[in-house]
Amino acid sequence: MIKVGDREVAWRPGMTLADLLEEALEDGDFYAVVRLDGKLVSRPNFATTKVADGAQVELIPMVAGG
Amino acid sequence: MTSISLKEIKTFTYERPAIERGYANQTLYIDLSRNFIEIRPVSRQMKDVFIGGKGFDLWLLWQAVKPDTKWNDPENAICISSGPMGGTPAYPGSGKSIVTALSPATGTVIDSNVGGYFGPYLKFSGFDALQVQGKAGEPAVIFIDGVEEKVRIFSARDLPDDAYALSEALTEHFGGKKRRYISVVSAGTGARNSLMGCLNFSWYDPKRKRARYKQAGRGGIGTVFEDKGIKAIVARWDSVSLDTNNPADKEALKKVAKLHSREIVELDPKQNQMSKIGTTHLVPIMNDFDLLPTNNYKFGQDPRAILIGREVYEALFDPGFDGCWLGCTVACAHGVRDFVPVTGPYKGKKVFVDGPEYETVAGCGSNLGIWDPHVILEFNFYCDAYGLDTISIGTSFAFVMECYEMGLIDSRATGGLELNFGNRPAALELLHQVARGEGFGKIVGQGIRRMKKIFAEKFGADPAVMEDIGMESKGLEFSEYMTKESLAQQGGYGMALKGPQHDEAWLIFLDMVHNFMPTFEQKAEALHWFPMFRTWFGLCGLCKLPWNDIVPEDNKDTEEPAKVMKHVQWYAEYFYAVTGRKVGPDDLITMSEAVYNFQRIFNLRMGFGRREHDTIPYRAVGPVTVEEYESRRERYDRQLKEKHGVDIEGKDTAEKVALLRKFRQELYEKLKDAVYKRRGWTADGIPTLATVKRLKIDFPEVVEVLKANGVTE
Ligand code: SF4
């Protein structure tokens, strides 16, 4: 199981952040940055970042800050 | 207690007015040449049209200067104002001051939005704005004492020269045991000896028992301050509550303040965690998206960025509450305790560093090829203490380093400093030279626009290359974002009124990462709405961070997530609750439009403010060198083929660089056309008479400026 914010999402072996956002979330493409177990990961690295079972993912809504 | 001696040369006694719906309804005028002090009324029209903050400042500055006034003429005025909501303790981000003056960097109006307690204390002492003209014969301290109802001018000969010691000493001197009721504005030796001086606005941190400060950094206002012979301006007030602004509808204020404040407490830990790490999270994010300026904006990425990012500063920041105004739950103004500089006058001594924020990390770190968080802290500490803008320092040093590496200047020009990217000791030595106004630092402290001229005339450097790589526009150095792949952000920088600072528009994510505005019209709309709404914060005494750095959880499901309309609505309610003026989100934009257009016309009056002045260096638009092109060859080749229909077979890189340049520069000019049209300006970038009338800023002197520039409709 993976926790995405307050939600629980099923984990599968080899799952990447890109997989998680695409498969498990309707609005996954809105997020360009997430925090995976306390570390920031940005979209260019989603496809190469593996998600471990039990991971905690926070979706960071970065749109027009800065 | 530090013993300091101040000689009183003028005392002005006044009766403090009651604050009504966020306004004191008067301003304070000081002419240092004559030691003259008077109180001036705030008219109904001034409040209706200019609102407060930057609006008031601009109006006062407009009256103070003439079209031929130079930054160092006595009539140049430093204007400081908070705004009607400034000083509200419960609503996050409500303690800002806006400072304006004619800038030594640009020659026209500069404005800077800054935290610290000064603006609210000034207002509660009885003044919506302060305007200082003239020049003091001897170093002066101005003390605005809202408790004793006195404004005093002192001559001060033996005060510390740097802002770090000076803020502390004056806080102690004027505050005694009540130091949290003091705010000090000061600059420093670097501001005096360069053209990129900043102002430090203090706030007292009761937990750490020390004066902390935030900076009004951009455009050399600190240099104007020093040129006027001002050592410090100090404000004293008493305790602050929700009643101090005497809001029109206290219950409504309480309600909306609670909503926003609570939301931040709940969501910041899940989102950017600014209360823990400030804006340093932007370092790794910008790096991942190829947006972190590296080696004078040549590149946007480097594997070493991890060494100067969020995690490093999270470990370095001293934990605790860091709000630069009372009750700001974002509390992002972090600092580092017990830092020990390895160079300069504080070498070997423990100091507290206020910062760094993202801009300083990128400007004095990645953009100089410096991947050492301690050297960045040392830059941060000394820039503040010397009264220097970390952004202009960083961007200027980056330009110098590239010139040095390209052989445009050599070690004879730099006085022996080997200013390669990444040379930390040389970069720090140059910083101290800038502050002392000595050696090569004296040239560098004049900023990129003047350096380009000096390098060409004195050292024979190629002016065309420097035009391309010198990251300034209107005379102001760029802040720290890469814009090559975001046309909208090129416009955000190039069409910003004061010069390339991102506080008007930060559209990189919207444009490049999310691709929310693919057409020119959409980009133009964004370059209308965002600068206007961001301007509004500066009219009201507010910080923009609570608006869109922490957003509601359902924001993504709204029609235009980037605008965070739920918060815009809260801001409209907040404005009503304090001032009693019923407004909706669209009214906030119209208020800003009036001030924004007025500032554009002010520029025009000073000889700027046309299309030609919205030009940006090609480094901000695309790859200048073969090296840059090659570093992202796949991307640029694809764009030439797919976007511009070019057959690149057989073309060498230099040819491709030239072709891409032609296409990109055309796009930037097309963007200008679309934005000017959307803003109600002529093709030359001047507000039309109809626009000025619609916004009710058609004062005779405004219409006169338009007429003189050929605009009569
Ligand atoms: S958000 Fe940060 S900068 Fe803005 S007022 Fe709060 S502490 Fe100050």
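Since the model is a prediction, treat every value here as computed from it, not as a measurement. Each chain gets a letter, A, B and so on, in the order the sequences are listed, and its residues count up from 1.
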Participant: How close do D288(B) and S42(A) get, heavy atom to heavy atom, and via which atoms?
Facilitator: OD2-OG, 2.6 Å
Participant: At a 4.5 Å cut-off on heavy atoms, which part of P269(B) comes close to chain A: side chain, backbone, both, or neither?
Facilitator: backbone
Participant: Got more than 12 heavy atoms from elsewhere within 6.0 Å of CZ, R635(B)?
Facilitator: yes
Participant: Within a reach of under 6.0 Å around NZ of K50(A), are more than 12 heavy atoms found that belong to other residues, nucleotides or ligands?
Facilitator: no
Participant: Mind checking the CD1-CG spacing from I277(B) to L40(A)? Nearest 0.5 Å is all I need.
Facilitator: 7.0 Å
Participant: What parts of residues 3-29 of chain A touch chain B if we use heavy atoms and a cut-off under 4.5 Å?
Facilitator: D6(A), D27(A)
Participant: Please name the pair of heavy atoms, one in F289(B) and one in A32(A), separated by the smallest distance, quoted to 0.1 Å.
Facilitator: CZ-O, 3.4 Å
Participant: Write down the atom of E311(B), the atom of G38(A), and the distance for their closest heavy-atom approach.
Facilitator: OE2-O, 4.3 Å
Participant: Quick check on E359(B) against chain A: is it the side chain, the backbone, both or neither that has a heavy atom closer than 4.5 Å?
Facilitator: neither
Participant: If you look at every heavy atom in K270(B) and R35(A), which pair is closest and at what distance?
Facilitator: O-NH2, 2.9 Å
Participant: At a 4.5 Å cut-off on heavy atoms, which part of Y358(B) comes close to chain A: side chain, backbone, both, or neither?
Facilitator: neither
Participant: Please rank V513(B), N272(B), I285(B) by heavy-atom pairs under 4.5 Å with chain A and give me the top one.
Facilitator: I285(B)
Participant: What part of L507(B) gets closer than 4.5 Å to chain A, counting heavy atoms only: side chain, backbone, both or neither?
Facilitator: neither
Participant: Give, for atom CG of D557(B) and atom CZ of F30(A), the distance between the pair rounded to the nearest 0.5 Å.
Facilitator: 8.5 Å
